[in-house]
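For reference, the structure discussed in these notes is given below.
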Amino acid sequence: MESDPNPHDPWPTGGGEEVKKGLVVLLVGAPGSGKSTFCNDVMAAARRSWVRVCQDTIANGKQGTKLQCLMSAATALKDGKSVFIDRCNLEQEQRADFVKLGEAQADVHAVVLDLPARLCISRSVKRTGHEGKLQGGKAAAVVNRMLQKKELPKLSEGFSRITFCHSENDVKDAVKTYSNLGPSGNLSAGVFGQKNKDDKVQLGIMRFLKKVDKQDQDASGNDITSYRNLTQAIVPSQDSIGNTFSAELENKNEEHGSLNDENSSERSFVGGSSCDGIHTLAFPSISTSDFQFDLEKASDIIVDSVSDFLKKFDSVRLVLVDLSDKSKILALVRKKAAEKNIESSKFFTFVGDITQLYTKGNFRCNVIANATNWRLKPGGGGVNAAIYRAAGDSLEIATKEQAETLSPGNSVVVPLPSSSPFHLREGVTHVIHVLGPNMNPQRPNYLKNDYVEGCKILRDAYSSLFENFASIFNCQMRYESKRSSSGISNLQNPLKGTTGTCFSHSDQKIKREGWYDSERNKKCKGFPFNAAAKEKISIPHGGHGYAHPETHSDLLNWDGNLSSSNPGREVKETNCAKVTERTWNAWAQALHEIALNPEKHKDVVMELSDDFIVLNDLYPKAIKHVLVLSRLHGLDCLADVRKEHLPLLKRMHSVGLKWAEMFLREDSSLIFRLGYHSVPSMRQLHLHVISQDFDSAHLKNKKHWNSFNTSFFRDSADAIKEIEKHGVAKVIEDESLLKMELRCHRCRSAHPNIPRLKSHIANCKAPLPTHLLHDGLLVSAASKSVG
DNA sequence: GTTCTAGAAC
DNA sequence: GTTCTAGAAC
């Protein structure tokens, strides 16, 4: 849906004026990859005026020069036409001059026709009358030689959008996307459809890596080195808790993107979310830990610096992070930020590990700050050590490229390579090292309690940090501003009149989940409830098997109090946690009935013991999909499970494993995942053992898909660990998860509807996410043979 | 959980 | 016209 005639254009141009912008699309592909066909197909159905610049015919039908192509393209752009550059463009150097065409107010895209070499060769060999006269047997040698030199395009070359096509279907989709592009429409920026760079990494290798890496785990159990060897681009995505600000706002922006880009069925954002996301800087409190800076003074400076910065920038968020919810600096800053009326959507505090904001906190930040030392070296204590440990060698190497040392009050931006574990795992694209004043006599540059100088340096440090953050942001805005002439990432941009339906939250919601201690335990300890929280979310439950609609969804407000969105509701108390009483609808009782009276259901029971029953899911969502059903009365869902149920849970897990392994003996190509739905539709605790093909006619809607492919699905092994550690398992009682856009569970590409998703997953060969492999959450033939 | 179906999307 | 979603009913 291009924007020109649309009165609801989400990215309206400034002052109501339509700013015409050119578009240059470089085709990238070997001879025989279908570049000319692509151009012709688009031009045949196009809604805008295109010129195809083909080096093979540019000289009066004969092969011409690159210069001729450049001149022809420039002329076409001047005439307001859009241009296809139809030449191989396989190497960066060959593309560079064409990318520069974008300097004259044009977007530059790449469409990569990365089809199998064999196909290109056979087409080249077969073709007669090809414009490039590359026919016959010679073609094979030429194609092979060219492909050896192939350098896939990157955004950093200056492209605002890159579309990778690996199959005929991909090409069709891309043709459709460009055909539908109206005269002044635009497509969202980013990388689409990129395959994992290293598809050769197979399960066996992953297992091997895992084995090796056990020696290299940090204290929190984070695996460090395995990621060094993987280049798979995992972009933390919308399968996180949907209610952190970051996830939510990024979702919104993707929704925006989709309005301009209705046909981008392949939407695997590679390289972080910065193109479409809200730029978020997570930073620790500088100097207050190891450098022993006074907390009162530091908190004043933080709040002042944040306030100043936010006055200047709109589409950014700053998040102060500390490990403990008892953190004094967080409490001080929260209080002062509230007093100063700093908008809590733009600045807030977060309790968690800054190195695992996404994986452990489900909170996405694309930039994090590191309180470094003057040598910019790993080690020391606190945040610096943790960040270097988590980021692996790549951070050290990347840092060295930027600076050797740093003086107090300064900061330095370090872009993380896309292969960096931090980038892959956490979605962090940049680390900014910042050095604050030191009040610790044991550390270098000791200020001897000179707080006049100290405060000055700390202010400098924060302003340097924030300005550097903004400079990254500005540089990435280059792409964004290309997408529309009016600064598209404005958060205030309303969604009025849009038709996207994936995300229906309001902008001002926040929910902190994922840290047990800050929530469930506090409830036990009788923390005060504050119904007048500044921001809160209530998540009504409808459509599930129980009739009572609400469950707890609490959050911390600025005052650090717990607020409840469910005042006056009856709860029953089990041990420490309060559990909502639920009334289950008749249809949701089927499993409960089977669990209690298995003798009446011999037709479905496949295995029976005193504790559990194994049965096929009546409506399997994959080739193999069985349920391990607990028989314990009163245990209806994962949220009800407590420590005393651990033996049962472990037993159910091992029974699930046994069945998965049995299925694997029949079909070794299957891969299984074991887990629970956060909010099950059917009463009676049941473990899903489901093969990851999702090849089933019963998988019919978004809810089906997302219930197995977002954090709504809680892996059995994780649940067990969490119960062991915290007494309860995390359940994500957030219905919006089930309404999230449809993303392939392998390559993370987004798809407009279930049929399209299903046809994609039937062919997607990308490996399953590394975190699943890595944490042993998948059961496959490979995992069995190694383990 | 499924089925049915109106109406939106294509 | 067909396809697809989402809400209601069960």
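In this text, all values refer to a predicted model and were calculated from it rather than measured experimentally. Below, chain A is the first sequence line, B the second, and so on; all start at residue 1.
Between the CZ atom of A:Arg47 and the C1' atom of B:dC10 there is a distance of 13 Å, given to the nearest Å. A:Met682 places its CE atom 10 Å from the C1' atom of B:dT2, with the value rounded to the nearest Å. The CD-P distance, from A:Glu741 to C:dT5, rounds to 14 Å in whole Å. What separates CD of A:Gln589 from C1' of B:dG1 is a distance of 12 Å, to the nearest Å. A:Trp705 places its CH2 atom 18 Å from the C1' atom of C:dT5, with the value rounded to the nearest Å. To the nearest angstrom, C1' of B:dC4 lies 14 Å from CG of A:Asn701. Taking atom CG of residue A:Asn585 and atom C1' of nucleotide C:dC10, one finds them 9 Å apart after rounding to whole Å. Distance A:Leu685 CG to B:dG1 P: 13 Å, rounded to the nearest Å.
Listed pair A:His698 / B:dG1 fails the phosphate criterion, with no side-chain N or O lying under 4.0 Å from OP1 or OP2. Side-chain N/O atoms of A:Lys739 include none lying less than 4.0 angstrom from OP1 or OP2 on C:dG7. Distances shown here put every side-chain N or O of A:His704 at or beyond 4.0 Å from the OP1 or OP2 atom of B:dG1.
If you check every strand for non-hydrogen atoms under 4.0 Å, A:His686 touches nothing. Note on A:Leu618: nothing from the nucleic acid sits closer than 4.0 angstrom, heavy atoms only.
Here the nucleotide nearest the side chain of A:Asn753, chosen from B:dG1, C:dA6, C:dC4, is C:dC4. Nearest to the side-chain atoms of A:Lys700 among the listed nucleotides C:dA6, B:dT3, B:dT2 stands B:dT3. Of the candidates C:dA6, C:dC4, B:dG1, the closest approach to any side-chain atom of A:Pro755 belongs to C:dC4.
The aromatic ring of A:Trp587 is stacked on the base of B:dG1, with the two ring centres less than 5.5 Å apart and the planes inclined by under 30°.
Side chains of A:Tyr178 and A:His109: a donor-acceptor N/O pair is present below 3.5 angstrom, by distance only. Between the side chains of A:Ser609 and A:Asp611, not a single donor N or O lies within less than 3.5 Å of an accepting N or O. Between the side chains of A:Ser691 and A:Asp693, a donor-acceptor pair is found at a separation under 3.5 Å.
With a 4.5 Å cut-off on side-chain heavy atoms, A:Asp640 and A:Leu635 count as touching.
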TODO: I would like to know whether A:His625 and A:Phe708 meet ring-ring contact (aromatic ring centres under 6.0 Å, His included); could you show each step before the answer?
DONE: CA-CA 11 Å; A:His625 182 183; A:Phe708 289 103; 5.3 Å; yes
